[in-house]
Amino acid sequence: MLDMKLLRDRTEFVRERLATRNAGDEARVSEVLALDESRRAALAEAEQLKARRNSASKEIGGLIGQKRLDEAESKKAEVRALGDRIAELDKTAAQAEESRDSLLLMIPNLPHASVALGKDAADNPEIRVHGLKASFEFTPCNHVELCERLKLIDFARGAKLSGSGFLLYTGWGARLERALINFLLDLHQREHGYTEVAPPYIVGEHCMIGVGQFPKFRDQAYAVQEGLDTSTMGKLYLLPTAEAPVANIHREEILAEKQLPVRYCAYSPCFRAEAGAAGLGTRGMIRVHQFDKVELIKVVHPDQGYEELEKMVHNAETVLQRLGLHYRVINLCTGDMGFAAAKTYDIEVWAPGQGTYLEVSSCSNCEDYQSRRMNLRFKRESDGLNLFPHLLNGSGTALARLFVALVETHQQADGSIRVPEPLQPYLGTDLIPLAS
RNA sequence: GGAGGGGUGGCAGAGUGGUCUAAUGCGGCGGUCUUGAAAACCGCUGUGGGCUGACGCUCACCGGGGGUUCGAAUCCCUCCCCCUCCGCCA
């Protein structure tokens, strides 16, 4: 969430930055400020009275000690009235704080100054392009045809098991998925310096609030309950991304400055309810309720946030380069950015069978927006001050769409699929053959 | 799921209604002594909020929340977490 001090001291700046998102959030600023004002007013008065009560209570203790009981009793009556007023003021302050904070949780991060102004995806500037669109001497198939012909995925039975939007990987398809996961984890762990972690796949509500998924996007998540016990509903959620648990690993901690930067990579399945989303009805793997992903997370010194973001994007690009895939990197404009992000790069891989680019990675610096929400800090050595670090997250990369780009790009005239060399040791073959 | 025991500063650990402004030890930082170091000795050593131009003043926090009281680390209620044993279980 945003820094309350920044909101107070640089109100117009905050309004202007929020306005660049084109979401109307700047309209809530004055309401937050008003609530904060009434909170502080009540608090100041309550604390004055508490100081008086504290000293009076000490006097009462002294009087009782000296056996001056009558005086003690009259003093008690006096202080009792103070207590009632204090309780009132405390309640006022607590209510104002609660309203202020619930509003604050609904206000997105401020876009970084370097982010292009824009309304939607059409305004996203292209940063760079790698490779060329694959060319074929035959008409390339799309991934649905390829997966069915090679029996990589059983779309019908996936739907039979769990409904539309769920995939059943079979045979070489299942092995390819597993090979990709291992390839990605090894790459980031061995070559890029990330510590591998394996998080829980069900997370508490506080983790979802910490990364900014909640409260605004609660309807996008799958909530779980124990059996039919509705009292347990809403405490735990299937993770929409490994960011939810992994970014929260050090929540409520104070890290030593020399521990930074912390870098984690994690595989997890990702569950998205995609409530109200378009396109789920179409067949295939582009938009599904469950997909695999390897996520990258960094906790870094604020001075290094943007340098580390550049490195993270390159780490994700390496995946596509090794797999021989054509892609482009774009910068999300102010109107297209996610809720918690200050700056985001998307990587879109070319899927020749679809004839489109597919988003396989989104790398963001959320600055201190999430670390404030989860109260994650580090102690600066020079002056012992506790500061909020920058939190970065990036996909390294999402698997289902990577799978699509891979099979569509490396399909052969005879219908088989050539396996890129770096993946061969993981899959144990250089060619996924036509199903017998 | 059942029974029991716990949760106090960076760590260990005392405190069961009123100088708790949380003892003591360890660790850490600074100093004295020393050629240097060790030892010894001395001092400092949590977090967040509010008020103030500033020096400062003040409030809250002993797992979370609520209550009793003039006053709560301490008493009561409730939730969470950890440990031991039993049951169930991959």
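The sequence lines fix the lettering, A, B, ..., with proteins before strands; numbering per chain opens at 1.
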B/A60, OP1 or OP2 - any side-chain N/O from A/Asn54 closer than 4.0 Å?
yes
Using heavy atoms to find the nearest nucleotide of RNA chain B for A/Ser57 and A/Ala77 separately, return the residue whose nucleotide is more 5′.
A/Ser57
Nearest to the A/Arg377 side chain among B/G48, B/U21, B/C70, which nucleotide is it?
B/G48
side-chain hydrogen bond (donor to acceptor under 3.5 Å, both in side chains) contacts in which one or both residues fall within residues 397-409 of chain A, not counting sequence neighbours:
A/His143-A/Glu408
Determine the interatomic distance between P on B/G4 and the same-named atom on B/C89; round to the nearest Å.
24 Å
I'd like the P distance from B/C42 over to B/G25, given in whole Å.
10 Å
Between A/Arg218 and A/Met208, is any pair of side-chain heavy atoms under 4.5 Å apart?
no
Rounding to the closest angstrom, what is the interatomic distance between B/U45 and B/C83 at atom C1'?
31 Å
Which residues in residues 33-53 of chain A have at least one heavy atom lying under 4.0 Å from any atom of RNA chain B?
A/Arg39, A/Arg40, A/Leu43, A/Ala44, A/Glu47, A/Lys50, A/Ala51, A/Arg53
Measure the CZ-CG distance between A/Arg178 and A/Leu427 for me, rounded to the nearest 0.5 Å.
9.0 Å
Over all strands shown, is A/Ile64 touching base, sugar-phosphate only, or nothing at heavy-atom distances under 4.0 angstrom?
base
Go through it in stages, so that I can follow the logic: the residues are A/Ser364 and A/Asn393, the test is side-chain hydrogen bond (donor to acceptor under 3.5 Å, both in side chains), and I'd like the CA-CA distance, side-chain angles, deciding distance and then a yes or no.
CA-CA 5 Å; A/Ser364 301; A/Asn393 69 82; 4.7 Å; no
Test: A/Asp84 and A/Arg80 ion pair at under 4.0 Å
no
Please state the P separation for the pair B/G18 and B/A72 - nearest whole angstrom.
11 Å
Using a 4.0 Å heavy-atom cut-off, does A/Arg8 contact any base of the nucleic acid, only the sugar-phosphate backbone, or nothing at all?
sugar-phosphate
Sort me out a list of protein N/O and nucleotides 62-67 of chain B N/O pairs below 3.5 Å, or just none if empty.
none

Between A/Lys75 and B/G71, is there a side-chain N or O to OP1/OP2 distance below 4.0 Å?
no
Check whether any side-chain N or O of A/Asn386 sits under 4.0 Å from OP1 or OP2 of B/U47, and answer yes or no.
yes
Report which part of the nucleic acid A/Lys235 touches: base, sugar-phosphate, or nothing (heavy-atom distance under 4.0 Å, all strands).
nothing
